[in-house]
Asks: 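Here it is, the structure, as structure tokens.
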2 protein chains.
Amino acid sequence: MVTKQFKGSPDEADLTRADSLAREIFSDVANKWALLIIEALGEGTLRFGQLRDEIAGISHKMLTQNLRMLERNGLVERNVHPTVPPRVEYTLTEPGQALRETVHGMCDWTHRYLSHIDASRRRFDA
Amino acid sequence: MVTKQFKGSPDEADLTRADSLAREIFSDVANKWALLIIEALGEGTLRFGQLRDEIAGISHKMLTQNLRMLERNGLVERNVHPTVPPRVEYTLTEPGQALRETVHGMCDWTHRYLSHIDASRRRFDA
DNA sequence: CTGCATCCACAACGATACTG
DNA sequence: CAGTATCGTTGTGGATGCAG
């Protein structure tokens, strides 16, 4: 369970620590930009600028910020080529690839239920 | 693709509208609280208060807000029992259940790579 | 018990400018 | 080209109070 951070019984310090860590990781990963980056990197290695072009609407700042976070969590690998101008490439690690499977599932889901959801929205807004 | 909103060619109004809708839905769904609610509802029907208890750290406001959004998108069904005090139950619809599969995948992923990620973080923070 | 509205603190975000 | 820093704005989210 990622939903609960604290168990019923009082003295399971290890379990609660693991749970709060799980929640922390989940919160890192379960956000729009992080998931879109992971989805974009699914096809293979991309440079910073390519990622910016690939992900519509992301700002320079959000991209770097989320890339750092993903790198910190070991989901993407950052490769700097010491040329001029600099060339920085990002690739999914194995954990990143594994997460990408489920993210891809979410994208599929979005398209499968697109019209269904669209209809539901119109109904609700009335 | 959920990443791109605008195609290369200029005059594909329908496609770009579908894409921006896809992105909109993805943005709705790809957030911490929404996913945690869906995961929590995976087991079955829950009342408002039960959800609040089940999902550690969620505030009254965030819960209602996200429940409305999920209801609007047709992912959860809201059942009001006209008793006093009121009793409101939330259940996943079929689209909601489908999404829940992939969300569950993310939770599994979190636990599978927990220690791996924890180690990566320590390495990075040094 | 559930839901809506209000207020307010603070974090997120975009824009911009500057460095290697 | 990529990254960092700063600033100002917007928005998110928590706390509280009130209503059904």
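Side chains included, hydrogens not; waters and symmetry mates left out as well; all remaining heavy atoms used. Below, chain A is the first sequence line, B the second, and so on; all start at residue 1.
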Asks: Quick one: which protein N/O atoms are closer than 3.5 Å to N/O atoms of nucleotides 13-15 of chain C? Pair and distance per line, please.
Replies:
unit_1, atom_1, unit_2, atom_2, d
C/dC13, N4, A/Lys61, NZ, 3.3
C/dG14, OP2, A/Ser59, OG, 2.6
C/dG14, O6, A/Lys61, NZ, 2.6

Asks: So, does B/Arg78 get its side chain near the phosphate of C/dT2, meaning an N or O under 4.0 Å from OP1 or OP2?
Replies: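 False: B/Arg78 side-chain N/O out of range (4.0 Å or more) of C/dT2 OP1/OP2.
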Asks: With a 4.0 Å cut-off, would you call A/Arg121 and B/Glu24 a salt bridge?
Replies: yes
Asks: Between B/Val80 and A/Phe124, is there a shared hydrophobic cluster once you connect ILVMFWY residues whose side-chain heavy atoms come closer than 4.5 Å?
Replies: no
Asks: Find the distance B/Arg87:CZ to C/dG3:P and express it as a whole number of Å.
Replies: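 The answer, rounded to whole Å, is 13 Å.
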Asks: Could you pick out which residue, B/Pro86 or A/His60, lies toward the 5' side of DNA chain C when each is mapped onto its nearest nucleotide?
Replies: B/Pro86
Asks: Does the ring center of A/His111 lie less than 6.0 Å from the ring center of B/Phe26?
Replies: no
Asks: Determine the contact category for B/Arg47: base if any of its heavy atoms lies under 4.0 Å from a base atom, sugar-phosphate if only primed atoms, P, OP1 or OP2 are that close, otherwise nothing.
Replies: sugar-phosphate
Asks: Determine whether the side chains of B/Thr102 and A/Thr102 contain a donor N or O and an acceptor N or O closer than 3.5 Å.
Replies: no
Asks: Here's a test for you: under side-chain hydrogen bond (donor to acceptor under 3.5 Å, both in side chains), which of B/Arg87, B/Glu89, B/Arg47 qualifies with B/His81?
Replies: B/Glu89
Asks: For A/Gly42 versus A/Arg100, what's the shortest heavy-atom pair and its separation?
Replies: CA-NE, 3.2 Å
Asks: Would you please say whether a donor-acceptor pair under 3.5 Å links the side chains of B/Asp28 and B/Asn73?
Replies: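 Note: B/Asp28 and B/Asn73 side chains meet the donor-acceptor criterion.
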Asks: Strictly by modelled atom types, are B/Glu94 and A/Tyr113 linked by a side-chain donor-acceptor pair under 3.5 Å?
Replies: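 A pair is found: one side chain offers a donor N or O, the other an acceptor, under 3.5 Å apart.
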Asks: Please classify the nucleic acid contact of A/Arg52 as base, sugar-phosphate, or nothing, using heavy-atom distances under 4.0 Å.
Replies: nothing
Asks: Can you find a side chain N or O atom of B/Tyr90 that sits less than 4.0 Å from OP1 or OP2 on C/dC1?
Replies: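 No.
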Asks: From CG of A/Asp28 over to P of C/dA11, roughly how many Å is that when rounded to an integer?
Replies: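 Atom CG in A/Asp28 sits about 16 Å away from atom P in C/dA11.
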Asks: So where does chain B start and stop touching DNA chain D, 5' to 3', when the test is distance under 4.0 Å to a non-hydrogen atom?
Replies: D/dG13 to D/dG20
